[in-house]
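Step one of this worksheet: look at the structure below.
Quick caveat, the model's predicted, so the values are computed rather than measured. Here, residue 1 is the first one in the sequence, and each next residue gets the next number.
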Amino acid sequence: MYLDSLIIGPCVHGPTYLPRNITPSEHHCFRFPFSSWSASCKIPSISSRWTCQLCPSSVCYDVLNSFIVKVSRAERQPLNVPLIAPFTIATTRLDSVQNVAIRVELTDGSVGWGEIPTLPPVTIEDQPIALEQALFACAHLKNVPPKPCNELLKEISDLLHPGKFASVRAGMEMAVVDAVCRSVGLPLWQFFGGCSNSITTDITIPICTPKEAGSLAAQYAKRGFHALKLKVGGRGLLADLDMLTSIHMEHPNCQLILDANEGYTPDEALQFLSQLHDIGITPMLLEQPVPRHDWEGLGYVCRMAKKLFGVPIAADESCRSLLDAKHIANSSLADVINIKLAKVGVIGALEVIQFAKSAGLELMIGGMIETRLAMGFAVNLAAGQGCFRFIDLDTPILLAEDPICGGYEADGPVYKLTEALGHGASVHWPDMNQ
């Protein structure tokens, strides 16, 4: 049976693959495990055992475990894009995007695209390091014999020193997974579970003057953004309070997420929440209030912020692996985990998602300063999984140019995904054979 003899069947548990002569019922759906899905023949061997698809990741894991990958070409190039305005957070300032684009082509001609974001010191990689490591990974990919996709992705992770070049690993994984989805004829959001084909994002206001922050808030209100994320920390509580007050005056009904990017001490974080409480402002979330390794401080802020002000705490920089997520859950250090592909990669993200849900932690998804290439991959993950309470996938809106062709369609804060295969995006580069 060829792939084009299958259909996507609607179900309360999400889309699933069905032979054309099987009709999905209203409350049940079935899928089959693939035992020999390959890029060269695209012929899945179907078992006669049918199972109910209750997990939105089941199609994803079937493909990862069974699809045989052989890469014929892999390359990387700089991806430089100007910002509309400098982007300042507590730990760094960015004047332009200097990322790396990845292109992977399989032996059947399917092409996948990924992006390596660089944001030192948030990422270990700057652009020269990312280009060097990506060149190394691309050369390796072209020489790897055919093997299941999950084994290839594990090999990439091991090659790039797990935990060291996480952003490079993420970009390589994106490109491989995108190519595989295009080869088997799957939109990426369906690969990740198909829970939805759209998401609604917040938008970020960086550290700036109160006047600039108020002006941005007014602009974003007119464009339909109901959730604003405000960068705070690293410059004094009074400056943060003035900026937030200005935002509240211009967009009084907005939902506020505060992101300190490790910029507070525990006492400063709680003092700031107290000052906001006194003027009647309660943020819906405070993200990474203290330095990454201050586990005791993170737990203290989490307990007291919830007790005194009803504000949940998210771990971002403190959660860079599944081990970190387990430590956070086991020690009750945060209420929410922020998943970023540049921190944990594609496979790592799926692992953290599965664990966080089982541990009762809420989920947020974000990114670095990325184009619609990497951000679009995260959009597909968020829509397909359907489990994120907080969605912060806005940085392409902050760019002065869009070098990406295809991909999701944006209408203010709403991103709509199409039936295009993979994430549907590519890069405007005439010297690349697309």
Between the side chain of [X] and the main-chain N/O of [Y], is any donor-acceptor distance below 3.5 Å?
| X | Y | value |
| --- | --- | --- |
| Thr118 | Gln98 | yes |
| Gln385 | Gly193 | no |
| Ser167 | Ile116 | no |
| Arg169 | Ser157 | no |
| Trp113 | Gly424 | no |
| Thr204 | Pro206 | no |
| Ser183 | Ala179 | no |
| Glu105 | Ser72 | no |

Original post:
Given Val168 and Ile102, is the side chain to side chain contact (heavy atoms under 4.5 Å, CB included) satisfied, shown in steps?
Top reply: CA-CA 9 Å; Val168 177; Ile102 302 295; over 6 Å; no

Original post:
Yes or no on side-chain hydrogen bond (donor to acceptor under 3.5 Å, both in side chains) for His423 and Asp178, after CA distance, side-chain angles and deciding distance?
Top reply: CA-CA 6 Å; His423 54 60; Asp178 183 39; 3.1 Å; yes

Please give me the minimum heavy-atom distance between [X] and [Y], naming the atom from each residue.
| X | Y | result |
| --- | --- | --- |
| Thr91 | Asn261 | CG2-O, 3.4 Å |
| His226 | His251 | CA-NE2, 4.3 Å |
| Ala342 | Pro117 | CB-CG, 3.6 Å |
| Lys343 | Asn338 | NZ-O, 2.8 Å |
| Gly297 | Val290 | C-CG2, 4.2 Å |
| Pro289 | Ile313 | CD-CG2, 3.9 Å |

Subject >> Sequence neighbours excluded - salt bridge (Lys or Arg N to Asp or Glu O under 4.0 Å) pairs with any residue from residues 134-152 >> reply: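 Sorted pair list: Lys147-Glu155.
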
How long is the straight-line distance from [atom2] of [Y] back to [atom1] of [X], given to the nearest 0.5 Å?
| X | Y | atom1 | atom2 | answer |
| --- | --- | --- | --- | --- |
| Ile365 | Leu393 | CD1 | CG | 5.5 Å |
| Phe377 | Arg372 | CZ | CZ | 15.5 Å |
| Gln77 | Leu79 | CD | CG | 10.0 Å |
| Ile203 | Leu228 | CD1 | CG | 8.0 Å |
| Thr265 | Phe272 | OG1 | CZ | 13.0 Å |
| Cys60 | Leu186 | SG | CG | 10.0 Å |

Original post:
Between Val346 and Val176, does a side chain to side chain contact (heavy atoms under 4.5 Å, CB included) hold up when you go through it step by step?
Top reply: CA-CA 10 Å; Val346 178; Val176 170; over 6 Å; no

[Y] side chain reached by [X] side chain, heavy atoms, under 4.5 Å:
| X | Y | answer |
| --- | --- | --- |
| Asn380 | Phe191 | no |
| Val97 | Asn80 | no |
| Lys340 | Glu370 | no |
| Leu188 | Val177 | yes |
| Arg223 | Ile397 | yes |
| Leu350 | Phe192 | yes |
| Val427 | Thr371 | no |
| Ile353 | Cys387 | yes |

**OP:** Decide, yes or no, whether a salt bridge links Lys416 with Asp411 under the criterion of side-chain N to carboxylate O below 4.0 Å.
**Re:** no

Original post:
In a check of side chain to side chain contact (heavy atoms under 4.5 Å, CB included) between Ser318 and each of Ile337, Asp294, Leu298, which one passes?
Top reply: Leu298

**OP:** Not counting sequence neighbours, which residues clear side chain to side chain donor-acceptor pair (under 3.5 Å) with Lys229? List them please.
**Re:** Asp259, Glu287, Asp392

Original post:
Only one of Glu115, Gln127, Glu125 clears side-chain hydrogen bond (donor to acceptor under 3.5 Å, both in side chains) with Asn99; which?
Top reply: Glu115

Subject >> Check against side-chain hydrogen bond (donor to acceptor under 3.5 Å, both in side chains), Asp394 and Thr201 >> reply: CA-CA 6 Å; Asp394 62 326; Thr201 183; 5.1 Å; no

**OP:** Decide if atom OH of Tyr300 counts as having more than 12 heavy atoms of other residues, nucleotides or ligands within a radius under 6.0 Å.
**Re:**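 It does not: Tyr300 OH has 12 such atoms or fewer within range.
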
**OP:** Taking atom NE2 of His140 as the centre, report whether more than 12 heavy atoms of other residues, nucleotides or ligands fall under 6.0 Å from it.
**Re:**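 Atom NE2 in His140 is crowded, with more than 12 foreign heavy atoms closer than 6.0 Å.
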
Original post:
Passes side chain to side chain contact (heavy atoms under 4.5 Å, CB included), Met172 versus Cys138? Steps please.
Top reply: CA-CA 8 Å; Met172 300 302 300; Cys138 286; 3.9 Å; yes

**OP:** Decide side chain to side chain contact (heavy atoms under 4.5 Å, CB included) for Asp335 and Cys302; before the verdict, give the C-alpha distance in whole Å, the side-chain angles of both, and the deciding distance to 0.1 Å.
**Re:** CA-CA 7 Å; Asp335 308 292; Cys302 180; 3.5 Å; yes

**OP:** Begin from the C-alpha positions of Asp240 and Tyr264 and carry the test side-chain hydrogen bond (donor to acceptor under 3.5 Å, both in side chains) through to its verdict.
**Re:** CA-CA 11 Å; Asp240 288 341; Tyr264 290 144; 2.6 Å; yes

